[in-house]
2 protein chains.
Amino acid sequence: MMGKHMGPPWWHGRFRGRGYRITVAREAILDVLNRTSEHLSAEDVYLAVHKVHPNVGLTTIYRTLELLVQLGLVFKFDFGDGRARYELAETPKGTRHHHHLVCTVCGRVIDYTDFIDDEIELLSRTEQALSKKFNFKITNHLIQFYGLCNECHRKQ
Amino acid sequence: MMGKHMGPPWWHGRFRGRGYRITVAREAILDVLNRTSEHLSAEDVYLAVHKVHPNVGLTTIYRTLELLVQLGLVFKFDFGDGRARYELAETPKGTRHHHHLVCTVCGRVIDYTDFIDDEIELLSRTEQALSKKFNFKITNHLIQFYGLCNECHRKQ
DNA sequence: GTTTTTAATGAAAATGATTTTCATTTGCTC
DNA sequence: GAGCAAATGAAAATCATTTTCATTAAAAAC
Ligand SMILES: [Mn+2]
Ligand SMILES: [Mn+2]
Ligand SMILES: [Zn+2]
Ligand SMILES: [Zn+2]
């Protein structure tokens, strides 16, 4: 229920500040990403947007997702199924950093944020040590566990 | 210097055991992977093999690399440059598990095995916790740090 | 509100890594 | 050495993503 006292979406500032325009397509794409907790492909986003705005083309989806990745609003992943997957990087409340479990049989992807405290600590230690040894400025990391999900494990 | 008292390459057993044939192309491809410490693309492998065996086609390179990945002899990575990268998973002496630093500017990839002991420990704890919570049988993991390498950092 | 500027867009074509097809070759068993 | 299935090469197909270019539409200027 959108009240009339709702300000403009939180991400508008990110666009305006850098001279990017706020367009129907961009609003729609962010809306789709905002409503799901899944890891959508460009085509997934296209199909979802298409229901509401049939005139928005797949090219625009690709271009917009790329822009959103550049802006740090969206994460882009490769889970090994031959297409990129996208996921909102943050909400108005803040970033939602997490890692992934990827089922190598059915492709299911599970987010997890638990157990992450220990990880964070180790990661920052590791990052420091690596930075020093290799003179490498670390800005980001990717952690994925592969294996068999609940269902696929059972079926084996 | 290959002495005449050298047995067949260590990986022959892996092939024979499962009914796969040992062919010129496969020998050549493994040889190329064995001689480098880089992360080669299929085309890289093709070019290297081509120098010695100009009749081996790119298709065979793809097929063989895929087979080697299935057999667990080779790791396949995506470092974000639009092509898969391959690397020998083990040597006669054992596995050479390691993680990667990826420069987001020049694409350079650095292997590291230091600092890995702490990681191993955390990983096994994390894996156990995740396995239990999500009923997910973890068989593998991927850890990559992204950032600026020495040189690219300097140029910025 | 209208005009102006130029970023954004859609459709179609291009790209490029990887896969498939199929006729031919080659390792391996007997 | 013969027989046979596995492996191969060349060419075509696939398919996610990118590029091109003429048109549209945000947002700034008036
Ligand atoms: Mn996720
Ligand atoms: Mn490596
Ligand atoms: Zn599964
Ligand atoms: Zn670099």
Side-chain angles (χ1 to χ4, degrees), chain A residues 8-9 11-32 39-71 73-74 76-86 107, chain B residues 8-9 11-30 32 39-47 49-71 73-74 76-86 107:
Chain A
W11 50 268
H12 277 200
R14 298 295 187 87
F15 274 67
R16 290 252 164 69
R18 309 197 189 206
Y20 293 113
R21 295 177 178 174
I22 291 159
T23 67
V24 170
R26 289 173 177 175
E27 301 246 38
I29 291 167
L30 274 160
D31 192 50
V32 164
H39 304 87
L40 303 181
S41 67
E43 194 185 1
D44 292 338
V45 175
Y46 171 72
L47 293 174
V49 167
H50 193 266
K51 287 178 187 164
V52 184
H53 301 281
N55 48 324
V56 173
L58 181 56
T59 308
T60 296
I61 306 293
Y62 274 107
R63 279 191 287 231
T64 302
L65 288 171
E66 201 52 44
L67 173 65
L68 295 174
V69 169
Q70 299 313 324
L71 291 176
L73 294 179
V74 162
K76 181 179 184 177
F77 290 102
D78 166 36
F79 295 129
D81 65 343
R83 54 187 60 191
R85 299 270 165 186
Y86 302 86
Chain B
W11 49 268
H12 277 200
R14 299 293 187 87
F15 274 67
R16 290 253 163 68
R18 309 197 189 206
Y20 294 112
R21 294 177 179 173
I22 291 160
T23 67
V24 172
R26 288 172 177 176
E27 301 245 37
I29 290 167
L30 274 160
V32 164
H39 305 86
L40 303 181
S41 67
E43 194 185 0
D44 291 338
V45 175
Y46 170 72
L47 292 174
V49 167
H50 193 264
K51 287 178 187 163
V52 185
H53 301 280
N55 48 326
V56 172
L58 181 55
T59 307
T60 296
I61 306 292
Y62 274 106
R63 279 191 286 231
T64 302
L65 288 171
E66 201 51 46
L67 174 64
L68 294 174
V69 169
Q70 300 311 325
L71 291 177
L73 294 179
V74 163
K76 180 180 185 177
F77 290 102
D78 166 36
F79 295 130
D81 65 342
R83 54 187 61 189
R85 300 269 165 186
Y86 302 86

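To find a chain, count down the sequence lines: A is the first, B the second, and so on, and within it residues start at 1.
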Tell me, with the steps shown, if A/Arg26 and A/His12 meet side-chain contact (heavy atoms from CB on, under 4.5 Å). CA-CA 10 Å; A/Arg26 289 173 177 175; A/His12 277 200; over 6 Å; no
Output the rounded distance in Å from NE2 (B/His12) to C1' (C/dG27). 12 Å
Once the angle between the rings of A/Phe79 and A/Phe77 is folded into 0 to 90°, is it parallel (under 30°), tilted (30 to 60°) or perpendicular (over 60°)? parallel
Take A/Thr60 and A/Thr23, measure what side-chain contact (heavy atoms from CB on, under 4.5 Å) needs, and give me the verdict at the end. CA-CA 11 Å; A/Thr60 296; A/Thr23 67; over 6 Å; no
In whole Å, what is the span from the OH atom of A/Tyr46 to the P atom of C/dG10? 9 Å
Starting from the 5' end of DNA chain D, give me the residue, A/Leu58 or B/Leu58, whose nearest nucleotide shows up first. B/Leu58
Quick check: does any side chain N or O of A/Asp44 sit under 3.5 Å from a backbone N or O of A/Ser41, one acting as donor and the other as acceptor? yes
Could you list all N or O pairs between the protein and nucleotides 5-7 of chain D that sit under 3.5 Å apart?
from, atom 1, to, atom 2, distance (Å)
D/dA5, N3, B/Arg21, NH1, 3.3
D/dA5, N3, B/Arg21, NH2, 3.1
D/dA6, O4', B/Arg21, NH1, 3.3
D/dA6, O4', B/Arg21, NH2, 3.2
D/dA6, N3, B/Arg21, NH1, 3.3
D/dA7, OP1, B/Arg21, N, 3.3
D/dA7, OP1, B/Arg26, NH1, 2.9
D/dA7, OP1, B/Arg26, NH2, 3.3

In whole angstroms, how far is the C1' atom of C/dT26 from the NE2 atom of B/His53? 15 Å
Using whole Å, report how far CD1 of B/Ile61 lies from P of D/dG9. 8 Å
B/Arg85 vs B/Arg16, nearer the 5' end of DNA chain C by closest nucleotide: B/Arg85
Please give me the minimum heavy-atom distance between B/Leu58 and B/Ala42, naming the atom from each residue. CD1-O, 4.1 Å
Flag, side chain of A/Arg85 to backbone of A/His39, donor-acceptor distance under 3.5 Å: yes
Integer-rounded Å distance: D/dT14 C1' and A/Arg83 CZ: 12 Å
Protein N or O to nucleotides 22-24 of chain D N or O, pairs below 3.5 Å:
none

Check the distance between C/dA7's C1' and A/Ile22's CD1 and give it to me in whole angstrom. 13 Å
How close do B/Phe15 and B/Arg21 get, counting heavy atoms only, and between which atoms? CD2-O, 3.5 Å
Nearest whole angstrom, please: distance from the P of D/dA26 to the CZ of A/Phe15. 14 Å
Distances under 3.5 Å between nitrogen or oxygen atoms of protein and nucleotides 10-13 of chain D:
from, atom 1, to, atom 2, distance (Å)
D/dA11, N6, B/Thr59, OG1, 3.4

Would you check, one step at a time, whether the test side-chain contact (heavy atoms from CB on, under 4.5 Å) holds for A/Leu71 with A/Trp11? CA-CA 10 Å; A/Leu71 291 176; A/Trp11 50 268; over 6 Å; no
Between the CG atom in A/Leu65 and the OH atom in A/Tyr46, the distance rounded to the nearest 0.5 Å is 13.5 Å
Mind calculating the distance between CD (B/Glu66) and C1' (C/dA17) to the nearest angstrom? 13 Å
For B/Asn55 and B/Val24: C-alpha separation, side-chain torsions, deciding distance, then whether side-chain contact (heavy atoms from CB on, under 4.5 Å) applies. CA-CA 10 Å; B/Asn55 48 326; B/Val24 172; over 6 Å; no
Answer yes or no: does a side-chain N or O of B/Tyr62 lie under 4.0 Å from OP1 or OP2 of C/dT18? yes
Side-chain heavy-atom pair B/Val45, B/Tyr86 within 4.5 angstrom cut-off: no
